[in-house]
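Let me begin by presenting the structure, written as structure tokens, before commenting on it.
Per chain, numbering begins at 1; letters A, B, ... match sequence-line order.
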There are 2 protein chains.
Amino acid sequence: MSLAAARILLIEDDAVIRGFVRESLQTEGGEVFEADTGARGLIEAATRQPALLILDLGLPDRDGLDVIRDIRSWSQLPIIVLSARTQETAKVAALDAGADDYLIKPFGVPELLARVRAQLRRAAVPAGAAEAVFRFGSNEVDLAQRRVLHAGEEVHLTQLEYRLLATLIREQGRVVTHRQLMQEVWGPGYAERTHYLRIYMKQLREKLEDNPAQPAFLLTETGVGYRLQA
Amino acid sequence: MSLAAARILLIEDDAVIRGFVRESLQTEGGEVFEADTGARGLIEAATRQPALLILDLGLPDRDGLDVIRDIRSWSQLPIIVLSARTQETAKVAALDAGADDYLIKPFGVPELLARVRAQLRRAAVPAGAAEAVFRFGSNEVDLAQRRVLHAGEEVHLTQLEYRLLATLIREQGRVVTHRQLMQEVWGPGYAERTHYLRIYMKQLREKLEDNPAQPAFLLTETGVGYRLQA
DNA sequence: GAGTGGGCGTAAAGATTGTGTAAACGAAAA
DNA sequence: TTTTCGTTTACACAATCTTTACGCCCACTC
């Protein structure tokens, strides 16, 4: 998942190459769009708004350099060029037309992926504040920062407490069985030790419920498991 | 004048290569600084503040990947790697360590210049983002200049201290796991030596916290990692 | 309707691991 | 040589996890 669901446009007329490049990118977690001509590629680039473009220079309908220049007239997106042409002048021309990298066929998939990562890394928006905050009652759980607030005050949770809470949040509203909780928080081999759950649920309630004796969010489902009511 | 007087740092131990690369860059209008060892190079990078770095991986004194990681801990400047190693794994390692491009020796000067132009072009866009000073408590950390002030006084941090701090700053607020810190500061292969973290965290606290015994910013998340609270 | 047992909550004492601190060593740099 | 820095070793203390013990509630049974 190192490509983190990045949208990638692949313009390549050779169906075989297109196929394995697409697969490689998808395996790494990318979302791939394809085009087999320059004209089609330009339309896709405009409509899909990809985060990166992989462009074959040897297209049937248009000169690859032309495609680069066209895109550069309205977009800064990173462009990695694929080409069978090894001449230095071809590389220079593509790079000066606006490409960011140039890879000669045949190329290795690991290298392509590494260059894709390098381009995406550079292009990544610095801010990105994902804002993944989960709220219930007077609590806020920031999963990205691993921080928990209760009534505005920061609450310290131990590793197991936090993992337990995070698991319940992930299944918010649904009942999570004893077995599943033990598996996710303590790992395999602890399935029988369900008493731990009672101990740690008490601690969570103590820290997060307004009235720990009568929990409003961290609920018991007798004989089954626990549930987080949001 | 296509390089537009850009400041370029060249780290290369081979005097012959260094010579003709320098000349080529200067002919195109670049301002070139040189270093023939990794250690010297890091100092030059910090003091000259180049717009681009060309780095030979086969340095006599330090592992080239380590140099990349070090620079990446405090700077986003484009890095073009030169190397005699053609193996794909070497390319992937360098790119994933933070390099932006990888050129195999022997390379053509026109191609190098084109790749330099491509990197400079891309880096030129977000120019306004300067002024990267991070503040917490009575501390100011200038990531661009690699300078740290505590209560107005300049504080000297060692290489590892600085990298650790820079990593925490980059993830400001978030918990950074032991594993991730070890990976980013010491590199792969040190994952188990988490005791180093305790030693260096203590030293950072000693230098930056008002009350090192009760840290207010450099916080421990027991069993998980550390966090910089801004 | 008193007894019984499972499931649950509560409490507190070990046991274990993680963390902070100090100090010493050797290699490299000044 | 002296200084600086990264590494290694040692140990005390704190935080956390695990274990053990006990009481309550409720459904069910006799």
Side-chain angles (χ1 to χ4, degrees), chain A residues 146 148 155-165 175-179 181-182 184-187 189-209 211-227, chain B residues 35-43 59-63 66 69-70 73 148 155-165 175-179 181-182 185-187 189-209 211-227:
Chain A
R146 198 190 184 280
V148 181
V155 177
H156 174 72
L157 298 187
T158 71
Q159 188 157 303
L160 290 177
E161 287 165 0
Y162 185 82
R163 293 232 290 265
L164 180 55
L165 178 62
V175 178
V176 191
T177 64
H178 296 137
R179 176 171 298 278
L181 285 171
M182 293 310 294
E184 303 234 359
V185 177
W186 276 265
Y190 282 75
E192 316 303 315
R193 324 292 254 305
T194 56
H195 181 53
Y196 291 180
L197 287 176
R198 295 190 208 108
I199 296 169
Y200 281 90
M201 284 304 289
K202 163 153 172 71
Q203 286 167 191
L204 280 181
R205 284 165 174 161
E206 209 69 52
K207 291 180 177 179
L208 301 179
E209 291 277 1
N211 180 1
Q214 289 184 317
F217 309 107
L218 297 162
L219 306 180
T220 302
E221 297 284 341
T222 306
V224 185
Y226 292 89
R227 181 163 62 90
Chain B
D36 58 359
T37 64
R40 188 85 229 135
L42 287 172
I43 294 170
L59 296 172
D61 63 327
R62 290 190 63 164
D63 178 25
D66 215 44
R69 273 190 287 270
D70 194 310
S73 71
V148 181
V155 178
H156 171 71
L157 298 187
T158 72
Q159 198 101 270
L160 290 176
E161 286 166 359
Y162 188 82
R163 280 211 246 172
L164 180 55
L165 178 62
V175 175
V176 191
T177 64
H178 298 136
R179 175 173 299 278
L181 286 170
M182 293 310 294
V185 177
W186 277 266
Y190 282 76
E192 316 303 315
R193 323 293 254 308
T194 56
H195 184 55
Y196 291 0
L197 287 176
R198 296 188 207 110
I199 295 169
Y200 282 89
M201 284 302 290
K202 167 161 171 66
Q203 286 167 190
L204 281 179
R205 283 166 174 162
E206 210 69 53
K207 292 180 177 179
L208 301 178
E209 290 277 0
N211 180 1
Q214 288 185 317
F217 309 107
L218 297 162
L219 305 180
T220 301
E221 296 284 340
T222 307
V224 184
Y226 292 89
R227 180 160 62 87

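Comparing atom distances between the A:Leu160 side chain and each of D:dT18, C:dT19, D:dT8 picks out D:dT18 as nearest. Taking only side-chain atoms of A:Tyr190, from C-beta outward, the nucleotide of D:dT7, D:dT18, C:dG7 with the closest atom is D:dT18.
B:Val175 places none of its side-chain heavy atoms less than 4.5 Å from the side chain of B:Tyr226. Taking 4.5 Å as the limit, every side-chain heavy atom of B:Arg62 sits out of range of all side-chain heavy atoms of B:Thr37.
Rounded to whole Å, the distance from NZ on B:Lys207 to C1' on D:dC5 is 10 Å. Taking atom CG of B:Asp70 as the reference point, atom P of D:dG6 lies 10 Å away to the nearest angstrom. A straight line from CG of B:Asp66 to C1' of D:dG6 spans 13 Å, rounded to a whole angstrom. Distance A:Glu161 CD to D:dA15 C1': 11 Å, rounded to the nearest Å. Per the geometry, CZ belonging to A:Arg227 stands 17 Å off C1' belonging to C:dC8, to the nearest Å. Here C:dG9 presents its P atom at 12 Å from CD of A:Glu209, a figure rounded to the nearest Å. Atom CG of B:Leu164 is separated from atom P of D:dC5 by 15 Å (rounded to the nearest Å). If you measure from atom CD of A:Glu192 to atom C1' of D:dT18, you get 16 Å, rounded to the nearest angstrom.
The shortest distance between the side-chain N/O atoms of A:Tyr200 and the OP1/OP2 oxygens of D:dT16 is not below 4.0 Å. Residue B:Tyr226 has a polar side-chain atom (N or O) positioned under 4.0 Å from OP1 or OP2 of C:dG20. Taking 4.0 angstrom as the limit, A:His178 places none of its side-chain polar atoms (N or O) nearer than this to OP1 or OP2 of C:dG7. Phosphate proximity of C:dC8 to A:Lys202: absent, as no side-chain N or O sits under 4.0 Å from OP1 or OP2. A close approach under 4.0 Å does occur between a side-chain nitrogen or oxygen of B:Tyr196 and OP1 or OP2 of D:dT8. Between A:Thr220 and C:dG9, a side-chain N or O to OP1/OP2 separation shorter than 4.0 Å is present. For D:dA15, neither phosphate oxygen OP1 nor OP2 lies less than 4.0 angstrom from any side-chain nitrogen or oxygen of A:Thr158. Considering only side-chain N and O atoms, B:Trp186 lies under 4.0 angstrom from the phosphate OP1 or OP2 of D:dT7. A:Arg205 has no side-chain polar atom (N or O) that falls below the 4.0 Å cut-off from OP1 or OP2 of C:dT10. The phosphate of C:dG20 has neither OP1 nor OP2 within less than 4.0 Å of any side-chain N or O from B:Arg198.
In terms of position on DNA chain C, the residue among A:Thr222 and B:Gly225 whose nearest nucleotide sits closer to the 5' end is A:Thr222. In terms of position along DNA chain D, the nucleotide closest to B:Arg193 lies nearer the 5' end than the nucleotide closest to the other residue of the pair B:Arg193 and A:Gln203. Residue-to-nucleotide proximity on DNA chain C shows that, of B:Pro215 and B:Ala39, the 5′-proximal contact is made by B:Pro215.
Listed by chain and number, the residues in a side chain to side chain contact (heavy atoms under 4.5 Å, CB included) with A:Phe217 are A:Phe136, A:Glu209, A:Leu228 (sequence neighbours excluded).
With hydrogens and angles ignored, a donor-acceptor pair under 3.5 angstrom links the side chain of B:His195 to the base of D:dA10.
Looking only at distances, a side-chain donor or acceptor of B:Arg205 sits under 3.5 Å from a matching main-chain atom of B:Leu218. Between the B:Arg163 side chain and the B:Val185 main chain, a donor and an acceptor come within less than 3.5 Å of each other.
Rounding to the nearest 0.5 Å gives a distance of 6.5 Å between CD of B:Glu192 and CZ of B:Arg179.
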